[in-house]
Amino acid sequence: MEVRVLDKRPYEPLDAGTLPRRLAAAPGLAPRIGPAEHWRVREVGDGNLNLVFIVEGPLGAMIAKQALPYARCVGDSWPLSLERSYFEYHALVRLGRRDPGRLPQVHAFDQEQALIVMDYLTPHVILRKSLMAGEVLPHLDRQMGQYLARTLFRGSDFAMETAHRKRDLALFAGNVELCGISEDLIFTDPFCISRRNRVTPGLEEDAAAVRADRELKLAAATLKRKFATCAETLLHGDFHSGSVMVTAQDSRVIDPEFAFYGPMGFDIGAFLGNLLMAYFAKAGHDAEDHARAAYEDWILQLMEGVWSAFEGEFARLWRTERTGMLGLAELFEHGGDAEGAEAALEAVLGDIWRDTLGFAGIEMHRRILGLAHIPEFETIADLPLRAACERRALAMGRRLMLQPGTFPDPRQVSRIARSLRTV
Ligand code: SR1
Ligand code: MG
């Protein structure tokens with residue numbers, strides 16, 4: 001894929017008026033969307049950090065995403081460097097190669113303007129919205145499980161040539177600022193007093209109990225150490241249900257600006273944790289009836305299915321693409337011990353599963369007690385009801401963080417989720 005890097009001009013936040021002038025010179029765009037003088041541009045970003053424009057022309061449409069020099073959700077009191085766009089661009093290219101077709105294709109990258117032009121995904125909608133609307137997505141579990149296995153396995157020393165991987169690790173080690181956001185917002189703030197934290201009225205005592213829970217803080221500290229030191233593979237780094245766009249048939253992964261080399265379970269755990277929160281939020285929106293129960297069940301099946309598709313695809317890659325420094329075929333297959341390779345696979349999957357549970361649990365804490373909450377809970381207008389849903393999710397998260405050994409598989413996660421839902 002040839003990506004055009006545009007000429008240098010000092011950074012300026014773009015708007016619907018200035019964007020066409022900036023992009024008109026980008027080779028490759030006019031043949032895809034038509035001449036710039038006919039473009040219609042709308043800013044549609046509703047995320048925490050960036051500007052997002054839809055650029056429509058007579059021949060088609062594209063997305064142009066521009067980083068702002070501050071965190072959009074907070075304002076210019078929280079300055080942020082523009083470099084995240086550089087890491088997002090490199091992550092889009094790499095993750096897209098590891099699971100072809102699952103991420104938007106990049107058509108231009110303007111580093112000076114922190115601007116990425118990529119496929120406009122239509123009629124896709126953000127997965128979080130689809131789950132809130134109660135839509136059943138029959139292929140999502142397989143597509144997301146395979147995406148996770150392919151990107152996590154193929155970005156690791158199980159598969160990659162080690163010199164190449166180490167160079168890449170060095171590149172993404174520069175994403176210090178966004179890693180710092182996760183280090184603070186996910187692993188620290190929910191467990192202490194921070195001016196960034198916010199809780200639903202009625203949940204203050206629960207938040208105080210978390211801050212006083214030494215066992216839980218020790219688990220958070222262990223997970224933070226793992227996050228910061230276990231440079232296992234290139235992660236998406238912010239893999240929640242707002243980072244996936246879906247139709248009934250298709251799912252795409254977007255927004256990997258938090259990409260870095262970290263533990264495999266971090267991406268999987270973030271995703272499963274968000275599915276569990278979608279599950280616990282349903283009781284805050286819909287009357288308790290057959291339709292709601294069926295959809296809640298479907299969310300749990302989805303969570304189970306993602307792990308099972310991950311496991312299946314990871315095992316397939318283990319058997320067919322274990323060419324990296326940690327592949328260790330010389331210990332097993334080459335020495336006539338194929339069963340040893342299967343035992344090693346089981347051990348690796350066991351480690352990833354335990355990490356996944358812990359990271360899912362901590363994601364659930366940070367979305368309820370920290371800065372960045374999720375619409376599933378935030379849109380529950382009845383505050384005592386919202387607090388009750390969040391309290392159940394916190395109980396689930398705590399159990400995942402403290403007792404990962406009591407969950408041999410995702411079916412047990414579903415069982416405990418169901419038991420807490422009726423509390
Ligand atoms: C200041 S950024 C807050 C959160 O939004 C992003 O999507 C990440 O999840 C981050 O933690
Ligand atoms: Mg994002």
Side-chain angles (χ1 to χ4, degrees), residues 43-53 63-92 95 103-104 106 114-116 118 121 124-129 175-191 194-199 220 223-224 227-228 235-246 251-260 262 266-275 277-278 359-378 397:
E43 206 278 314
V44 294
D46 61 356
N48 287 331
L49 296 179
N50 306 296
L51 296 171
V52 180
F53 301 92
I63 286 289
K65 177 174 176 180
Q66 188 185 36
L68 285 165
Y70 53 84
R72 185 177 187 172
C73 62
V74 176
D76 54 13
S77 63
W78 187 340
L80 274 183
S81 79
L82 302 169
E83 276 187 334
R84 61 187 186 276
S85 181
Y86 170 83
F87 296 109
E88 177 164 359
Y89 160 66
H90 281 287
L92 280 167
L95 298 174
L103 290 98
V106 178
L115 181 69
I116 303 171
M118 59 192 129
L121 303 174
H124 299 66
V125 296
I126 292 287
L127 170 60
R128 201 183 282 294
K129 291 184 182 160
N175 203 2
V176 180
E177 209 171 7
L178 266 62
C179 279
I181 291 179
S182 298
E183 288 151 13
D184 292 340
L185 265 52
I186 300 176
F187 297 96
T188 308
D189 285 1
F191 307 96
S194 161
R195 63 189 162 74
R196 290 181 291 243
N197 288 344
R198 180 168 62 79
V199 294
L223 287 163
K224 183 171 186 174
F227 174 85
L235 299 175
H236 177 286
D238 194 25
F239 193 53
H240 52 77
S241 37
S243 294
V244 176
M245 295 189 74
V246 294
S251 20
R252 304 287 179 97
V253 174
I254 60 169
D255 277 3
E257 65 201 312
F258 282 76
F260 76 110
F266 183 70
D267 272 2
I268 315 171
F271 195 65
L272 299 196
N274 276 271
L275 296 184
M277 287 187 283
F359 288 123
I362 206 161
E363 171 73 5
M364 295 170 80
H365 278 79
R366 74 95 161 213
R367 294 289 182 188
I368 296 168
L369 304 177
L371 169 85
H373 289 221
I374 55 170
E376 287 93 323
F377 289 134
E378 293 295 289

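Throughout, numbering of the chain's residues begins at 1 and tracks the sequence. For ligands, and for the atoms within them, numbers begin at 1 and follow the listed sequence.
Between F227 and F187, the angle of the ring planes lies from 30° to 60°, which puts this pair in the tilted group.
With rounding to the nearest 0.5 Å, the separation of CD1 in I186 from CD in E363 is 5.5 Å.
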Expected rows: ligand 1 N/O, protein N/O, dist below 3.5 Å:
from, atom 1, to, atom 2, distance (Å)
ligand 1, 5 (O), N48, ND2, 2.6
ligand 1, 7 (O), D238, OD2, 2.7
ligand 1, 9 (O), D238, OD1, 2.7
ligand 1, 9 (O), D238, OD2, 3.2
ligand 1, 9 (O), R366, NH2, 3.1
ligand 1, 9 (O), R367, NH2, 3.3
ligand 1, 11 (O), R366, NH1, 2.8

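The side-chain heavy atoms of E83 and V176, taken from C-beta on, include no pair separated by under 4.5 Å.
Atom NZ of K224 has more than 12 neighbouring heavy atoms from other residues, nucleotides or ligands inside a 6.0 Å radius.
The pair R84-D255 does not count as a salt bridge, with every side-chain nitrogen at least 4.0 angstrom from each carboxylate oxygen.
Judged by distance alone, with hydrogens and angles left aside, the side-chain atoms of D267 form a donor-acceptor pair with the main-chain N or O of H236 at under 3.5 Å.
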